[in-house]
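Residue numbers begin at 1 in each chain, while the letters A, B, ... track the order of the sequences.
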Amino acid sequence: MAEAAAVAAESPAGGRARAARAVLDQVVLPGEELLLPEQEDADGPGSAGERPLRLNAGARARVRVVCGPGLRRCGDRLLVTKCGRLRHKEPGGGGGGGSGVYWVDSQQKRYVPVKGDHVIGIVTAKSGDIFKVDVGGSEPASLSYLAFEGATKRNRPNVQVGDLIYGQFVVANKDMEPEMVCIDSCGRANGMGVIGQDGLLFKVTLGLIRKLLAPDCEILQEVGKLYPLEIVFGMNGRIWVKAKTIQQTLILANILEACEHMTADQRKQIFSRLAES
Amino acid sequence: MAAERKTKLSKNLLRMKFMQRGLDSETKKQLEEEEKKIISEEHWYLDLPELKEKESFIIEEQSFLLCEDLLYGRMSFRGFNPEVEKLMLQMNAKNKAEEVEEETVELDVSDEEMARRYETLVGTIGKKFAKKRDRANYEEDENGDIKPIKAKKMFLKPQD
């Protein structure tokens, strides 16, 4: 962390913009401006002297760049809005295209609804044809009773106040009330809807959720070997776990909570101890 | 006297539909021009410089889903909830599907089963096209499958 602090200190706040390529995986601060690779040669720092002559300097190839969470577009500039490490993903596969995706890997607990996110919500009220669902955001989300698989005007889903809902945001922006659904675009539930009885719901940081849901996460692979269990991860920092006994459920919750700040070796130790018992 | 009276007709009166027939072309044009002027004067517009929206090459996207290839959020292990386990495979396979598309072509009916099915059909369809006289040749065996019994089984003498 000392290294991160040093980087932060030497970066001139509000001064010259840094090139995004140069600060990859380094700490960036809110308010900083980043330069994309395409902009570097035009107005990058210190490049004026030996800039290679370009035929198409006027009409540079405009490559599309996706700026993810923590970054904001302001005209042609790219500004940082969150504190964290700058990440980058090369184009290809399902990602944006063009010059790839940049985002800030930040640590936070407050959830801000984002369209398309799968979250765990708690039904807090039933009013007419919508449910109010608490998702941990600034405002409860609304969930129509028709947004369940197989629901019709006559056939209402059996949802009570206090139920846990696993759903997806269809409307989420800063000006409007977020709206959830429990079906996909084809009208199928795909695992969304009311989460079963019992189990334990607890909250973790948003960063941990992403860490656990990463495709190469060894924590989950290890956890899955322990005993039969079920987990639901909400992007809003909520985790619901259930195992055969209450004790197993509690152990599971404790592991998941604790593994955020453990090294790989420590994790190995814990899992080997658990496997023995 | 008549000319004087004509000039006295007001513009509003001349603009009326039934008065148009008797008007000559010049006064018609004049009236139209005046009408246009009134319309354009009453037409509202915003006194703003023309907006030029440049095509931006930065796209904003606030979801982590696009950035990190996150797994599907529901999981079940060691058979706790078979339904979810099936779903998990299906949802997480979507991400990998693009890479190994050919391998993940899941068949509802395996090739062998398909062959077995059609094997029994050979007789059924064969019977349909057979003549009445030959139909006796098709007999149902104990499984209910219809098979041609043209080649009668005979005892084959073992070679020593």
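- When side chains are defined from C-beta on, A:Leu36 counts as touching B:Ile58, because their heavy atoms get closer than 4.5 Å.
- With rounding to the nearest 0.5 angstrom, the CD atom of A:Gln248 is 9.0 Å from the CZ atom of B:Phe80.
- The nearest pair of heavy atoms linking A:Gly191 to B:Tyr72 is CA-OH, 3.6 Å.
- Neither the backbone nor the side chain of A:Ile120 comes within contact range of chain B; no heavy atoms are under 4.5 Å apart.
- A:Asp117 places a side-chain heavy atom less than 4.5 Å from the side chain of B:Ser63.
- A 4.5 Å side-chain heavy-atom check between B:Leu70 and A:Met235 finds at least one atom pair inside the cut-off.
- In this structure, the portion of A:Lys225 lying under 4.5 Å from any heavy atom of chain B is its backbone and not its side chain.
- Options A:Ile231, A:Leu229, A:Val232 differ in how many heavy-atom pairs under 4.5 Å they form with chain B, and the most are formed by A:Leu229.
- Under the 4.0 Å criterion applied to side-chain N and carboxylate O atoms, A:Arg210 and B:Glu68 are assigned as salt-bridge partners.
- Residue B:Cys67 comes nearest to A:Gly68 through the heavy atom pair SG-CA, 4.2 Å, listed as atom of the first residue, atom of the second, then distance.
- For A:Arg72, the parts sitting under 4.5 Å from any heavy atom of chain B are the backbone and the side chain alike.
- Annotation: side chain of B:Arg74 is not in contact with side chain of A:Phe233 (no heavy-atom distance under 4.5 Å).
- Counted within 6.0 Å of NZ on A:Lys203, heavy atoms from surrounding residues, nucleotides or ligands total 12 or fewer; the atom is thus considered open.
- Using a 4.5 Å cut-off between heavy atoms, A:Ile239 does not touch chain B at all.
- Contacts from residues 103-116 of chain A to chain B, taken as heavy-atom pairs separated by less than 4.5 Å, involve A:Trp103, A:Val104, A:Asp105, A:Val114, A:Lys115, A:Gly116 in sequence order.
- Side-chain atoms of A:Glu230 and B:Met75, non-hydrogen and from C-beta on, never get closer than 4.5 Å to each other.
- Atom CG of A:Leu200 sits in a crowded spot, with more than 12 heavy atoms from other residues, nucleotides or ligands closer than 6.0 Å.
- Contacts with chain B were tallied for A:Lys242, A:His118, A:Met192; A:Lys242 has the most, counting heavy-atom pairs under 4.5 Å.
- Heavy atoms of A:Ala243 lying under 4.5 Å from chain B belong exclusively to its backbone.
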